[in-house]
Amino acid sequence: MRINVVGSGYVGTTLAASLADLGHEVTAIDIDEAVVAALNDGRAPIHEPGLDELVAEHAGGRLRATTSYDDVPAADVTFLAIQTPSREDGSIDTGALRAAAETTGEALAGGDDRHLVVVKSTVAPPSLPGVADALATGLGEPLAGDGADRVAFGANPEFLREGTAVSDFREPDKLVFGTDVDWADELLDDVFAPLLAEHDAPVVRTDPATAMTIKYANNAFLAAKVSLINDIGNACKAFGVDTYEVAEAIGLDDRIGERFLRSGLGWGGSCFPKDISALISSAEGEGYSPPMLRAAVEVNDGQPARLVAMLADHVDLDGARIAVLGLAFKPGTDDVRNSRAIPVIEALRERGATVVAYDPVATENMRERFPDLEYADSAADALDGADGAAVVTDWDEFAALDSEFDAMADPVVVDGRRVIERREGITYEGLTW
Ligand code: UGA
């Protein structure tokens with residue numbers, strides 16, 4: 001099939017390269033010329049394991065990038081993978097997505113062939129009609145199911161995790177097709193047929209608003225699960241009990257399950273914080289203020305301050321040199337959006353500490369956020385002469401640190417992710433164990 005993917009961020013690039021890898025002819029459309037040039041050069045514009053290889057393999061062949069919408073009508077399906085950033089009040093800004101929908105509509109105006117426009121971006125159900133309206137405005141005619149039958153609007157939320165997005169794409173737990181007309185659903189079947197031939201996964205067929213609600217509920221459950229184990233973890237720490245031992249045992253109950261019970265600094269990234277806030281804000285917009293979701297956010301927001309307070313129990317932070325190990329919101333990515341490192345660094349600086357930060361891949365992104373921070377080239381350099389260390393991201397390489405701690409003045413380590421083993425000669429505190 002011929003497929004367009006509008007937007008070449010984390011989701012769009014993974015989708016475009018993976019669809020090309022499934023055998024489709026894919027056009028990636030992005031307004032950023034540097035991103036387009038990188039893709040056509042065979043380079044992924046973002047860091048995601050396995051993505052460079054896919055882009056390199058298919059660029060110039062089944063994967064083409066452009067800033068133009070001219071060839072949109074030549075394809076059968078257009079995916080919109082445009083960012084929907086959070087506003088101050090937690091709601092999402094769909095301005096860029098609506099603009100892309102309208103431009104896609106304009107490109108499809110006056111054509112004859114059927115075409116499906118699918119939202120990949122995460123959009124709160126109350127905001128979805130606005131995106132469909134923008135598409136119809138550009139098109140100058142109603143959408144399929146709405147009085148016409150040529151251009152259909154759908155939603156196909158993604159459940160990829162950053163850091164494992166390429167393999168997650170090939171081995172999904174489920175696919176969710178949100179469409180209003182049968183032929184749109186059939187087109188999505190065709191898109192994913194090569195994937196389903198290799199990896200059997202259930203396909204949930206529903207309408208666009210339900211599809212997006214499934215996406216929000218999925219992320220809300222996972223985020224709340226982490227917040228619940230962190231809430232219990234904070235109590236465990238007070239009891240002198242190891243939360244990880246507790247989590248391992250409760251995870252044996254398959255109604256609970258062992259995954260997403262890693263307790264510590266909590267969740268960051270471009271998805272959980274934004275999606276939970278948007279779900280709360282959309283529900284509040286409809287007159288319901290969800291207490292469980294608000295509590296999940298409250299627990300999460302409290303963890304960085306708890307880590308800094310724990311460090312302050314051992315080190316006078318005013319004037320101290322503190323190593324922050326890990327800046328990415330999780331291992332395997334250079335993404336620092338809503339990373340727990342941000343509130344940790346802010347709180348340390350507020351207390352008068354000098355922060356020296358290290359991350360294997362996310363330094364450049366964090367430099368945009370904190371240009372005046374001291375950045376070390378290695379964990380060993382960050383620890384050298386530091387009065388304390390905060391472990392923020394569970395990168396594997398931190399687990400191997402050993403004699404490097406000897407270079408600290410009087411080693412104090414507060415581990416927010418359970419990566420460092422307790423050892424002789426180090427004052428070690430686990431955040432929730
Ligand atoms: C999350 C979901 O897992 C994906 O299914 C979804 O597609 C994606 O959001 C999205 O909406 O696009 P992602 O944000 O990439 O994926 O990363 P996760 O692996 O879910 O981790 C999110 C955060 O939770 C990280 O900061 C991680 O450190 C934290 N976490 C995760 C924990 O603190 N404990 C855990 O047990 C698991």
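These numbers come from the heavy atoms of this one structure, side chains and all, not from hydrogens, waters or symmetry mates. In this chain, numbering begins with 1 at the start of the sequence shown. None of these values were measured; they are calculated from a predicted model.
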Any chance you could measure [X], atom [atom1], to [Y], atom [atom2], to the nearest 0.5 Å?
| X | Y | atom1 | atom2 | value |
| --- | --- | --- | --- | --- |
| Asp168 | Arg161 | CG | CZ | 4.0 Å |
| Thr104 | Ile82 | OG1 | CD1 | 8.0 Å |
| Thr103 | Tyr69 | OG1 | OH | 5.0 Å |
| Leu63 | Glu25 | CG | CD | 10.0 Å |
| Ser68 | Ile31 | OG | CD1 | 13.5 Å |
| Tyr244 | Leu261 | OH | CG | 9.5 Å |

Side-chain contact, heavy-atom cut-off 4.5 Å: [X] with [Y]?
| X | Y | answer |
| --- | --- | --- |
| Asp381 | Tyr358 | no |
| Asp402 | Arg423 | yes |
| Asp21 | Phe169 | no |
| Met1 | Leu22 | no |
| Asn365 | Asp359 | no |
| Val336 | Glu368 | no |
| Leu325 | Val419 | no |
| Pro45 | Thr13 | yes |

Using side-chain contact (heavy atoms from CB on, under 4.5 Å), reason through Phe370 and Val355 one step at a time and then give a plain yes or no. CA-CA 11 Å; Phe370 294 112; Val355 172; over 6 Å; no
Is there a donor-acceptor contact under 3.5 Å from the side chain of [X] to the main chain of [Y]?
| X | Y | value |
| --- | --- | --- |
| Asp207 | Gly178 | no |
| Glu48 | Thr14 | no |
| Arg417 | Val392 | yes |
| Gln303 | Gly264 | yes |
| Tyr375 | Met366 | yes |
| Ser121 | Leu80 | yes |
| Ser339 | Leu327 | yes |
| Asp41 | Arg43 | no |
| Asn156 | Val176 | yes |
| Asn40 | Ala65 | yes |

In a check of side-chain contact (heavy atoms from CB on, under 4.5 Å) between Thr66 and each of Leu39, Ile29, Asp30, which one passes?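 Considering Leu39, Ile29, Asp30, a side-chain contact (heavy atoms from CB on, under 4.5 Å) with Thr66 is found only for Ile29.
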[atom1]/[X]: more than 12 non-hydrogen atoms of other groups inside 6.0 Å:
| X | atom1 | answer |
| --- | --- | --- |
| Asp200 | CG | no |
| Glu53 | CD | yes |
| Glu397 | CD | yes |
| Asp313 | CG | yes |

[Y]/[X] salt bridge by N-O under 4.0 Å criterion:
| X | Y | result |
| --- | --- | --- |
| Arg2 | Asp71 | no |
| Glu198 | Arg170 | yes |
| Glu346 | Arg369 | yes |

How far apart are the closest heavy atoms of [X] and [Y], and which atoms are they?
| X | Y | value |
| --- | --- | --- |
| Glu162 | Ser270 | OE2-OG, 3.3 Å |
| Pro411 | Phe405 | CG-O, 3.4 Å |
| Cys236 | Val246 | SG-CG2, 4.3 Å |
| Gly332 | His47 | O-CD2, 3.7 Å |
| Ile256 | Lys225 | O-NZ, 2.9 Å |
| Lys330 | Trp395 | O-CZ2, 4.4 Å |

Quiz question: by atom type and distance under 3.5 Å, do the side chains of Glu404 and Ser378 form a donor-acceptor pair?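 No, no side-chain donor-acceptor contact under 3.5 Å.
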Donor-acceptor pair between Asp93 and Gln83 side chains, under 3.5 angstrom: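 On atom types as modelled, these side chains do not qualify, holding no pair under 3.5 Å.
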For Lys274, which of Thr122, Thr84, Asn338 qualifies under side chain to side chain donor-acceptor pair (under 3.5 Å)?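 Filter result, single survivor: Thr84.
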Run Arg262 and Asp394 through side-chain contact (heavy atoms from CB on, under 4.5 Å) and show every step you take. CA-CA 10 Å; Arg262 287 188 57 78; Asp394 32 349; 3.7 Å; yes
I would like to know whether Arg321 and Val356 meet side-chain contact (heavy atoms from CB on, under 4.5 Å); could you show each step before the answer? CA-CA 7 Å; Arg321 186 175 167 81; Val356 48; 4.0 Å; yes
Of Lys174, Lys120, Lys215, the residue whose pairing with Glu158 passes salt bridge (Lys or Arg N to Asp or Glu O under 4.0 Å):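 So the option named by the test is Lys215.
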Apply side-chain contact (heavy atoms from CB on, under 4.5 Å) to residues Thr243 and Lys237 and explain how you reach the verdict. CA-CA 7 Å; Thr243 313; Lys237 181 76 182 175; 5.9 Å; no
Check the orientation of Trp433 and Tyr428. Use parallel for under 30°, tilted for 30 to 60°, and perpendicular for over 60°.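 Plane angle between 30° and 60°, so tilted.
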